[in-house]
Amino acid sequence: MTWNVLWRFDPDWKGRQERILAVLKEVCPDVLGLQECWATDEHTQAEIFAEHLGMHAAYAASSLPPVPSPPEHPDQNGVRMGVGLVSRWPVLSTRHHALPVSHRQIAPVALEARMEDERGRRFDVLVAGTEWEPEYADDHLAQTRRLAELLAAADDSVPRFLLADLNCDASQAEFAPLAAVADDTWERANGDPRAVTLSSAVPFAPLEATKEIDRRVDHIVARGAGISVTGASTIDSPVRGLFPSDHFPVIADVELRVSSP
């Protein structure tokens, strides 16, 4: 499962977080990638979710978008922006990869982690968020190219997954580098071609993001041997009267058929 959870932006980040957690408890994903995941000196949002779910967590900063300066409200003071990982299985190792930038002062980071399930099957997960501004399209493409390189960098005997807010759909140029090296699990599972993950139906959706709005811009892509994808879906309804985020989560039902070394 991958989900851009809208950091501590308005509206009502605490109420939204409660609803995010309610969805996670219902879905019970084995692996969850989080974009716009917050962190303080005490803990990270990924750790909070992991504690409630009885799972393991990892986190990497920085990520996009930049945190507001000055803060929009006191709960944003000193809070970092990053990407997070929550896993049913222990995280064996992590690496942080800076993505290329030429316009911003701080590079976003992709979190890479290796896990091993109860059957001894190892797999790698990358969690990332990419540029969205149309005027920074060169950085956007450079970042998806780098993510494609990272996906293709390892032995194919170990399955690798990218859980990301890519700020593009599968028809846009920025997705092409990933399509060249990996499979879109949505397409492999014959997911609804009409599905979107950044929807103008959400009252607080960023309608100014004309490159991304009303498109399926959040993705789970996979590379490697022995990956079976049996389903793909999203959750596009409010929870107790409030949408948990401006993005809808993406869920892929995946089975690792072949044990990895």
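Residue numbers run from 1 in the order of the sequence given.
In this structure, Val101 shares a hydrophobic cluster with no other residue, the cluster being traced through Ile, Leu, Val, Met, Phe, Trp and Tyr side chains under 4.5 angstrom apart.
Side-chain N or O atoms of Asn77 include one that pairs as donor or acceptor with a backbone N or O of Pro74 at under 3.5 Å. A donor-acceptor contact shorter than 3.5 Å links the side chain of Asp139 to the backbone of Ser102. Side-chain atoms of Arg223 come within 3.5 Å of backbone atoms of Val181 as a donor-acceptor pair (strictly under, hydrogens ignored). Thr197 contributes no side-chain N or O that, together with a main-chain N or O of His247, makes up a donor-acceptor pair within less than 3.5 Å. In this structure, the side chain of Arg114 does not engage the main chain of Val125 through any donor-acceptor pair within 3.5 Å. A donor-acceptor pair under 3.5 Å links the side-chain atoms of Thr144 to the main chain of Glu174, judged by distance alone. Proximity of a side-chain donor or acceptor of Trp7 to a complementary backbone N or O of Pro65 within less than 3.5 Å is not detected. A donor-acceptor pair is defined here as one N or O able to donate and one able to accept, closer than 3.5 Å; no such pair exists between the side chain of Tyr136 and the backbone of Glu131. For Ser199 (side chain) and Ile213 (main-chain N/O), no donor-acceptor pair under 3.5 Å exists by modelled atom type. Not one N or O on the side chain of Thr185 forms a donor-acceptor pair closer than 3.5 Å with the backbone of Val221.
Between Leu198 and Pro206 there is a side-chain heavy-atom pair separated by less than 4.5 Å. Residues Leu34 and Val86 are in side-chain contact: their nearest non-hydrogen atoms beyond the backbone lie under 4.5 Å apart. Counting only heavy atoms from C-beta outward, the side chains of Phe248 and Ile235 never approach each other to under 4.5 Å. Between Leu163 and Val31 the shortest side-chain heavy-atom distance falls below 4.5 Å. The shortest side-chain heavy-atom distance between Lys211 and Asn167 does not fall under the 4.5 Å cut-off.
Under the 4.5 Å side-chain contact rule for hydrophobic residues, Val83 and Leu6 do not share a cluster. In terms of hydrophobic clustering, with Ile, Leu, Val, Met, Phe, Trp and Tyr side chains grouped at heavy-atom distances under 4.5 Å, Leu178 and Phe161 are assigned to different clusters. Hydrophobic cluster membership differs between Leu92 and Leu126, with clusters built from Ile, Leu, Val, Met, Phe, Trp and Tyr side chains linked at under 4.5 angstrom. Following chains of ILVMFWY side-chain contacts shorter than 4.5 Å, one can reach Leu85 starting from Val250, so the two form part of one hydrophobic cluster.
Applying the side chain to side chain donor-acceptor pair (under 3.5 Å) criterion to Glu47, with sequence neighbours excluded, gives no partner residue. When the side chain to side chain donor-acceptor pair (under 3.5 Å) test is applied to Asp12, no partner is found at least two apart in sequence or on another chain. Looking at residues two or more places apart in sequence or on another chain, you find a side chain to side chain contact (heavy atoms under 4.5 Å, CB included) between Asp10 and His73. With sequence neighbours excluded, the residues satisfying side chain to side chain contact (heavy atoms under 4.5 Å, CB included) with Ser228 are Thr230, Glu255, Arg257. Listed by chain and number, the residues in a side chain to side chain donor-acceptor pair (under 3.5 Å) with Arg8 amount to none (sequence neighbours excluded). Among residues two or more places apart in sequence or in another chain, the side chain to side chain donor-acceptor pair (under 3.5 Å) test is passed with Arg145 by none. Legend: residues meeting side chain to side chain contact (heavy atoms under 4.5 Å, CB included) with Glu72, ordered by chain and number and at least two apart, are Phe9, Pro68, Gln76. With sequence neighbours left out, Trp38 forms a ring-ring contact (aromatic ring centres under 6.0 Å, His included) with Trp13, His43. Judged as a side chain to side chain contact (heavy atoms under 4.5 Å, CB included), and not counting sequence neighbours, the contacts of Arg215 are Asp169, Ser171, Gln172, Val217. Residues satisfying the ring-ring contact (aromatic ring centres under 6.0 Å, His included) criterion with His219, sequence neighbours excluded, are Phe175.
Shortest non-hydrogen contact noted between Thr44 and Ala39 is CG2-CB, 3.8 Å. The shortest non-hydrogen separation linking Ala170 to Arg216 is CB-NH2, 4.1 Å. Residues Val109 and Ala61 share a closest heavy-atom pair of CG2-O, 3.6 Å. Smallest separation of non-hydrogen atoms from Gln143 and Pro108: NE2-CG, 4.0 Å. The heavy-atom pair separating Ala205 from Ser200 by the smallest distance is CB-CA, 4.3 Å. Ala142 and Pro100 make their closest contact through O-CG, 3.5 Å (heavy atoms, listed as atom of the first residue, atom of the second, distance).
From Gln105, atom CD reaches atom OG of Ser62 across 11.5 Å, with rounding to the nearest 0.5 Å. In this structure, CD in Glu118 is found 6.0 Å from CH2 in Trp89, a value given to the nearest 0.5 Å. In this structure, Tyr59 OH and Leu111 CG are separated by 10.5 Å, a value rounded to the nearest 0.5 Å. Note that the CE atom of Met1 and the CD1 atom of Ile251 stand 4.5 Å from one another [nearest 0.5 Å].
A donor-acceptor contact closer than 3.5 angstrom links the side chains of His97 and Glu112. With no hydrogens or angles considered, no side-chain donor-acceptor pair links Thr2 and Asp218 at under 3.5 Å. Remark: the Trp132 side chain and the Glu212 side chain contain no N/O donor-acceptor pair separated by less than 3.5 Å. Using modelled atom types and a 3.5 Å distance limit, the side chains of Asn4 and Glu36 yield a donor-acceptor pair.
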Just distance, no hydrogens or angles: give the donor-acceptor pairs under 3.5 Å from side chains in residues 48-55, sequence neighbours left out.
none

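Around CD of Glu26, the count of heavy atoms belonging to other residues, nucleotides or ligands within 6.0 Å does not exceed 12.
In this structure, Arg194 pairs ionically with Asp192, as a charged nitrogen and a carboxylate oxygen lie closer than 4.0 Å.
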